[in-house]
Number of protein chains: 2
Amino acid sequence: MEKEKTDKPDKKDHILDVAERVFSDLGFDGASTRLISGEAGVNMAMLNYYFGSKEGLFLAIFERKISSFQTLLQNIGNDETMSSWDKLSTSIDKYVDRIIVNNCFQKLINREISMNKRWELTDKITEILMVNVKEIRKILDEGIKNGSFFADIDCEMVIATIFGTKNYILNTPQLSSLILGYDVRDEKLMEEKLKPRIKTYMKRLLKAYLMTDNDHIKQ
Amino acid sequence: MEKEKTDKPDKKDHILDVAERVFSDLGFDGASTRLISGEAGVNMAMLNYYFGSKEGLFLAIFERKISSFQTLLQNIGNDETMSSWDKLSTSIDKYVDRIIVNNCFQKLINREISMNKRWELTDKITEILMVNVKEIRKILDEGIKNGSFFADIDCEMVIATIFGTKNYILNTPQLSSLILGYDVRDEKLMEEKLKPRIKTYMKRLLKAYLMTDNDHIKQ
DNA sequence: CAAAATTAATCAAACGATTGATTGATAATA
DNA sequence: TATTATCAATCAATCGTTTGATTAATTTTG
């Protein structure tokens with residue numbers, strides 16, 4: 001009634017957009033179907049009509065994102081023209097660009113995977129995230145094999161650092177805003193200051209660990 | 001009736017122990033007072049009798065932990081006999097030892113601080129966590145000033161890495177168990193394998209970033 | 001010290017409110 | 001007309017909380 005153009009094809013998408021934000025703000029149990037439908041401007045019964053149940057709506061949010069996640073880092077690892085370091089560097093760039101866009105969905109993922117219930121969903125999330133993990137792992141393993149990276153590095157912990165550092169900043173915005181000195185929730189600041197900062201830092205950090213001879217310690 | 005010794009003084013503590021675990025497993029909204037009281041083996045009304053409300057119980061869990069957190073890293077930064085690196089290294093050791101013990105409480109903190117509600121509690125959590133953040137920051141700043149660490153390091157991001165890497169492993173046990181190759185929820189494995197591994201890795205990672213001359217890059 | 005009075009602790013039962021879900025009627029669309 | 005979409009109203013279930021009664025523990029009193 002309010003919209004004048006086609007609002008049919010993206011009505012379900014609109015509900016999913018709203019639900020994604022509300023769920024990420026309040027959690028699955030904290031977000032009521034009444035609130036979601038209210039914020040989305042649709043009748044409450046529409047949620048069950050479209051998605052069957054509250055859990056169905058929740059799952060639909062994840063289903064919608066799966067495909068885009070699976071192709072995030074693809075083909076970088078298979079590029080024969082790039083050095084191992086360039087592959088890792090490019091992966092970090094793409095990853096940082098990506099996850100900041102999907103900010104509230106990432107919060108959703110991390111909160112859900114830390115829960116001891118809804119195991120089915122946890123398994124699915126784990127499966128999705130493992131795709132990117134394996135891609136990074138492949139690059140690190142290759143770098144070790146061809147001598148680009150040290151042989152005695154802790155690959156798995158490096159992965160934890162890459163994903164963990166980013167998650168820490170995005171999942172605790174109130175704390176990290178205090179630490180970093182500016183509001184990491186501000187979209188403009190995030191784009192202009194936070195993203196390049198994370199990229200620069202992560203590359204220097206990893207380069208120092210993976211490629212710098214530790215015999216040359218400063219003091 | 002069952003216990004033969006004094007079970008009076010730790011009855012509230014017992015409820016807090018159970019509530020801490022249930023909340024960390026199911027979240028604040030997902031954990032019902034009926035379930036908590038049931039698991040604790042007390043009447044439901046006891047929760048309100050002791051803690052006033054469900055939120056009061058929730059807050060009591062945090063209140064109980066505050067003091068132990070505030071003293072975690074104290075006095076390390078003020079030790080004149082230690083080098084900046086030794087201070088940082090010791091802090092990491094103590095921090096890793098600590099947070100793994102308080103595993104499920106950490107999950108509780110990270111889930112709650114990522115929510116966009118219960119601002120009062122979020123503020124309190126932020127305040128608690130900032131104590132440790134500032135302590136680490138002090139060590140890093142001092143290290144820069146006395147030339148132990150490079151002057152152009154990104155202190156705030158280093159903090160995000162220290163806390164983020166650890167949180168990533170502990171908050172996503174299902175995923176990180178898959179990555180690391182063993183069950184990080186297993187107490188014995190955590191003590192014998194995970195803790196020393198995190199310590200060793202974090203120290204080498206940070207040493208490389210903070211203290212290694214980047215002009216000597218391997219290739 | 002013992003009886004009485006007072007306070008604290010515990011419980012089953014029920015409260016009103018809210019939850020997710022469903023209904024049957026109505027409107028829109030094809 | 002047949003199908004789909006939308007709605008207000010309502011469902012049973014569960015939520016956190018409160019109540020009033022009962023027991024246990026403690027304190028006061030004679």
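Predicted model only: the values in this text are computed from it and were never measured. Order of the sequence lines fixes the chain letters, A, B, ..., with proteins taken first and strands second; residue numbering starts at 1 for each chain.
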Any residue of [range] with a heavy atom less than 4.0 Å from an atom of DNA chain D:
| range | answer |
| --- | --- |
| residues 46-58 of chain B | B:N48, B:S53, B:K54 |
| residues 114-123 of chain B | none |
| residues 21-40 of chain A | A:R34 |

Check: Reckon A:N43 has a side-chain N or O less than 4.0 Å from the OP1 or OP2 of D:dA5?
Finding: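 A:N43 to D:dA5 OP1/OP2: no side-chain N or O under 4.0 Å.
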Notebook entry, point to check: Quick one: is B:K11 getting a side-chain N or O under 4.0 Å of the C:dT10 phosphate, OP1 or OP2?
Noted result: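 Yes, B:K11 has a side-chain N/O under 4.0 Å of OP1/OP2 on C:dT10.
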Check: Below 4.0 angstrom, N of the basic side chain to O of the carboxylate: do A:R204 and B:D154 qualify?
Finding: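 Looking at A:R204 and B:D154, the cut-off is not met.
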Next item on the list: Before accepting this row, confirm whether a basic side-chain N of the pair A:E55/A:R118 lies closer than 4.0 Å to the acidic partner's carboxylate O.
Entry: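 No.
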Next item on the list: Can you sort out the partners of B:Y201 under ring pair (Phe, Tyr, Trp, His ring centres under 6.0 Å), two or more places apart, ordered by chain and number?
Entry: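 In terms of ring pair (Phe, Tyr, Trp, His ring centres under 6.0 Å), with neighbours along the sequence ignored, B:Y201 is linked to A:Y209.
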Margin query: Once salt bridge (charged side-chain N to carboxylate O under 4.0 Å, His left out) is applied, do any residues pair with A:K193, and if so which ones, sequence neighbours excluded?
Written below: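 Salt bridge (charged side-chain N to carboxylate O under 4.0 Å, His left out) check on A:K193 returns nothing, list empty.
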Check: Rounded to the Å, how far apart are A:M44 CE and D:dC7 P?
Finding: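 Answer to the nearest Å: 12 Å.
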For nucleotides 21-23 of chain D, print each protein N/O atom paired with a nucleotide N/O atom at under 3.5 Å, atom names and distance only.
none

Next item on the list: Check whether the ring centres of A:F58 and A:F51 lie less than 6.0 Å apart, and answer yes or no.
Entry: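 No: the rings miss the under 6.0 Å criterion.
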